[in-house]
Every structure is written in C-alpha cells, then in structure tokens.
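From a predicted model like this one, the values you see are computed outputs, not experimental measurements.
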Amino acid sequence: MRIRTVGWAALATALVAAGGALASTLVQQRRIQGMERLAQTIPVNSKYWRDRAKKKGELLYVALGDSAAQGIGSSKPQRGYVGEIARMLRETTGRSVRVVNLSASGARLREAIEKQLPALAKLGVEPDVVTVGIGANDIGTWDPARFEREIEQLYSAIPAHSIVGNVPSFYVGRAQANVRVANEMIAAAAQRHGLSVAPVHRETHRLGMLRYALNQVSQDFFHPNDRGYRAWINAFLPLVERRAVELVAQQAEREADAAAGGVGGLT
C-alpha cells in the first residue's frame, strides 16, 4: 500500500506539473497572439487621433504619453482615458473640444521630450487642458539617474496647469520597486513645477494583480481593456473636472467683462 500511495502521489505530481506546463504554454501562445492582434490596432488608433485633431473646438485638449494615452487595448480608441476626458470636458463646460493626442505607442520619456514637446510647441497656443501619462516604458530599462533628469526636463516644458499621471502599478517584483522610485521622482518634480499628479498607481494597484489579470487586461495580458482603463479615468477625472470648472469660471469672467465694456460704451 505504501508503494502504491507513493506511486499515485508521484503520478499526481507529474500530472499537475504537466498540466501546469501545458497551461503556461497555452497562456503564452494566447499572449503572443494577443500581442500580434493589438499591434495591428496601433496604426488604427494613431489615425483616429490624427483625424480627431483636425476637428476644431472651442477648447484645446492636448495629451502627451504612450500607448495608454492612445487607448491601446480598449475596444475603441476613444474608450481609453483620453477619450473619456474629452467627453467629460464637453459635458462639464458645454463647449466643443479639439483633441490633439501627441502620444505614441512605445514612447518613453526621451521620445516625449524629443518628439512630443516640439509638436506641442508647434501648435502655437497654450492648450486649455494638458494631460501627461508616460514613464511605464522606462521601467523595463530602468536607469534612475536618466529618469530623474528626463522627468525634470519634460515637466519644466509643459504648462503649469498640466495634469501628470504617475506610473501604474506593476504589482510585484523588481519592476514594482522601480515604479515606486519613479513615482517618488514624479511627485518631487511635479511639486517643483506646480503640477497636479493623477494617482494612476494608486488606482491601478487597488485592483490587485489577480483581478487585473482576470478581467481588466486586454488580449496581450499587459495593456488595460475597457474595464482596466476605468482606473486611469478615475485617476485623471477629478483633476480634469477641477480644471474644467476653472475654465468655465474664466469664460464667465470674460463674458462679464465684455458685457460691462459694452454697457460702458453705450453711456
């Protein structure tokens, strides 16, 4: 009986190991297939935002960032956090919104500085709303000195009313430890330049790794899906709403001044 018990235990262990290996292989295959499918959406999302930038609006909203700002992983480009911010601005202010999304999939801080900042300057006007969501792609090749230098360079070149998101949670491991250091640098640089920080890390971390993996992640097992982007929206929206209220107040003040000037001109 002892030999049989040991034999069955060994067999069970072998079956579990084989099953685990098979499951891991299947998951990896699905992830690779998902990555390939999502890669096909990159030019689609990019074109959507380029076309969207051609539409005029009373307010100008500019987004800087990486694939999350492009909405990669969502069912439609506008279902990411940038699209939801634009919708909220329209509803809150009652004014039309031109959205210029300068973000790029795969962008790191260096690409934001070298490509997105010049494009922002080229607009020739200061945007009414600016959001920045970048830094996650710098974690894979983590260099704290470079990150601190480049985050300072980026934040010093954007309007003081800009809203910057910190790096989302990576949940575990060395990457998560690096994310915490990166977010400390983001908080310090934002404070130096008077920028508001959207708590992307807090909102994504509270989901928990298991919940995120089960129903918040897209088919590449990395980017958020529509549900996952709710965490990003929750992080940015209160600060954007506050900015929208400021814009409404500024508009009301301009209209009151114009009316007072008109009345004064008639006397």
Side-chain angles (χ1 to χ4, degrees), residues 27-57 60-90 96-124 127 129-141 150 154 158 163-165 167-168 170 198 200 204 212-213 215-233 235-236:
V27 168
Q28 186 63 17
Q29 288 176 349
R30 286 188 59 189
R31 180 173 181 270
I32 292 172
Q33 292 168 357
M35 291 172 64
E36 291 172 349
R37 284 193 291 269
L38 274 196
Q40 295 172 9
T41 70
I42 291 174
V44 174
N45 287 36
S46 180
K47 183 179 185 303
Y48 171 85
W49 292 116
R50 289 197 306 273
D51 292 343
R52 183 71 182 271
K54 298 173 185 176
K55 298 180 180 180
K56 296 181 179 180
L60 174 60
Y61 166 36
V62 174
L64 308 180
D66 51 30
S67 55
Q70 284 283 303
I72 299 299
S74 60
S75 57
K76 297 179 180 178
Q78 64 270 34
R79 291 284 182 86
Y81 76 89
V82 170
E84 285 298 305
I85 287 173
R87 182 184 61 79
M88 186 279 297
L89 284 172
R90 289 193 302 272
S96 59
V97 179
R98 181 189 177 200
V99 182
V100 178
N101 191 340
L102 300 176
S103 67
S105 294
R108 301 164 300 171
L109 287 169
R110 175 49 46 190
E111 284 75 42
I113 292 167
E114 293 180 348
K115 297 180 180 180
Q116 297 178 32
L117 284 182
L120 173 62
K122 193 175 179 180
L123 292 173
V129 178
V130 177
T131 61
V132 182
I134 199 162
N137 290 321
D138 292 89
I139 300 301
T141 55
E150 291 180 350
L154 177 62
I158 57 179
I163 300 164
V164 299
V167 179
F170 279 46
V200 176
T204 53
Y212 184 72
N215 65 5
Q216 308 283 320
V217 73
S218 65
Q219 52 197 317
D220 67 345
F221 292 80
F222 179 70
H223 288 90
N225 59 18
D226 287 359
R227 292 191 193 94
Y229 273 116
R230 290 306 312 176
W232 290 71
I233 294 163
F236 275 98

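Minimum interatomic distance between W232 and P168 (heavy atoms only, all atoms of both residues): CZ2-CG, 3.7 Å. Between G80 and I233, the shortest heavy-atom contact is O-CD1, 4.4 Å. The nearest pair of heavy atoms linking N137 to G106 is ND2-C, 3.3 Å. In terms of heavy atoms, A63 sits closest to V82 at CB-CG2, 3.8 Å. Smallest separation of non-hydrogen atoms from S96 and G57: OG-CA, 3.4 Å. Residue H223 comes nearest to S67 through the heavy atom pair NE2-OG, 2.8 Å, listed as atom of the first residue, atom of the second, then distance.
At a cut-off of 3.5 Å, with distance as the only test, a side-chain donor of T131 or Y61 sits close to an acceptor on the other residue. No side-chain N or O of S105 forms a donor-acceptor pair with one of Q70 less than 3.5 Å apart. Side-chain contact check for R50 and S46: at least one donor-acceptor pair (N or O, by modelled atom type) lies under 3.5 Å.
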Is there a side-chain contact (heavy atoms from CB on, under 4.5 Å) between V132 and I163 once you walk through the steps?
CA-CA 6 Å; V132 182; I163 300 164; over 6 Å; no

Go through it in stages, so that I can follow the logic: the residues are I158 and L117, the test is side-chain contact (heavy atoms from CB on, under 4.5 Å), and I'd like the CA-CA distance, side-chain angles, deciding distance and then a yes or no.
CA-CA 8 Å; I158 57 179; L117 284 182; 3.9 Å; yes

Quick one: do L154 and I134 satisfy side-chain contact (heavy atoms from CB on, under 4.5 Å)? Show the steps, please.
CA-CA 10 Å; L154 177 62; I134 199 162; 4.0 Å; yes

Is there a side-chain contact (heavy atoms from CB on, under 4.5 Å) between V62 and L102? Walk through the geometry before answering.
CA-CA 7 Å; V62 174; L102 300 176; 3.8 Å; yes

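Heavy atoms of other residues, nucleotides or ligands lying less than 6.0 angstrom from CZ of R227 number 12 at most.
Listed by first and then second residue, the salt bridge (charged side-chain N to carboxylate O under 4.0 Å, His left out) pairs involving residues 64-83 are R79-D226 (not counting sequence neighbours). Listed by first and then second residue, the salt bridge (charged side-chain N to carboxylate O under 4.0 Å, His left out) pairs that reach into residues 96-109 are R108-E111, sequence neighbours excluded. Counting only residues at least two apart or on different chains, the salt bridge (charged side-chain N to carboxylate O under 4.0 Å, His left out) pairs with a member in residues 113-122 are R110-E114.
In this structure, the side chains of V167 and V200 stay at 4.5 Å or more apart for every pair of heavy atoms. Side-chain contact between Y48 and V44 is absent, with no heavy-atom pair separated by less than 4.5 Å. In this structure, the side chains of P224 and Y212 come closer than 4.5 Å at one or more pairs of heavy atoms. You'll find the side chain of R52 reaches within 4.5 Å of the side chain of W49, heavy atoms only. A 4.5 Å side-chain heavy-atom check between L64 and V164 finds every atom pair outside the cut-off. In this structure the side chain of Q78 never reaches within 4.5 angstrom of the side chain of R87, judged on heavy atoms.
In this structure, Y229 OH and S218 OG are separated by 7.5 Å, a value rounded to the nearest 0.5 Å. Separation of atoms CG (N45) and NZ (K47) is listed at 12.0 Å; rounding is to 0.5 Å.
In this structure, the side chain of E150 does not engage the main chain of I113 through any donor-acceptor pair within 3.5 Å.
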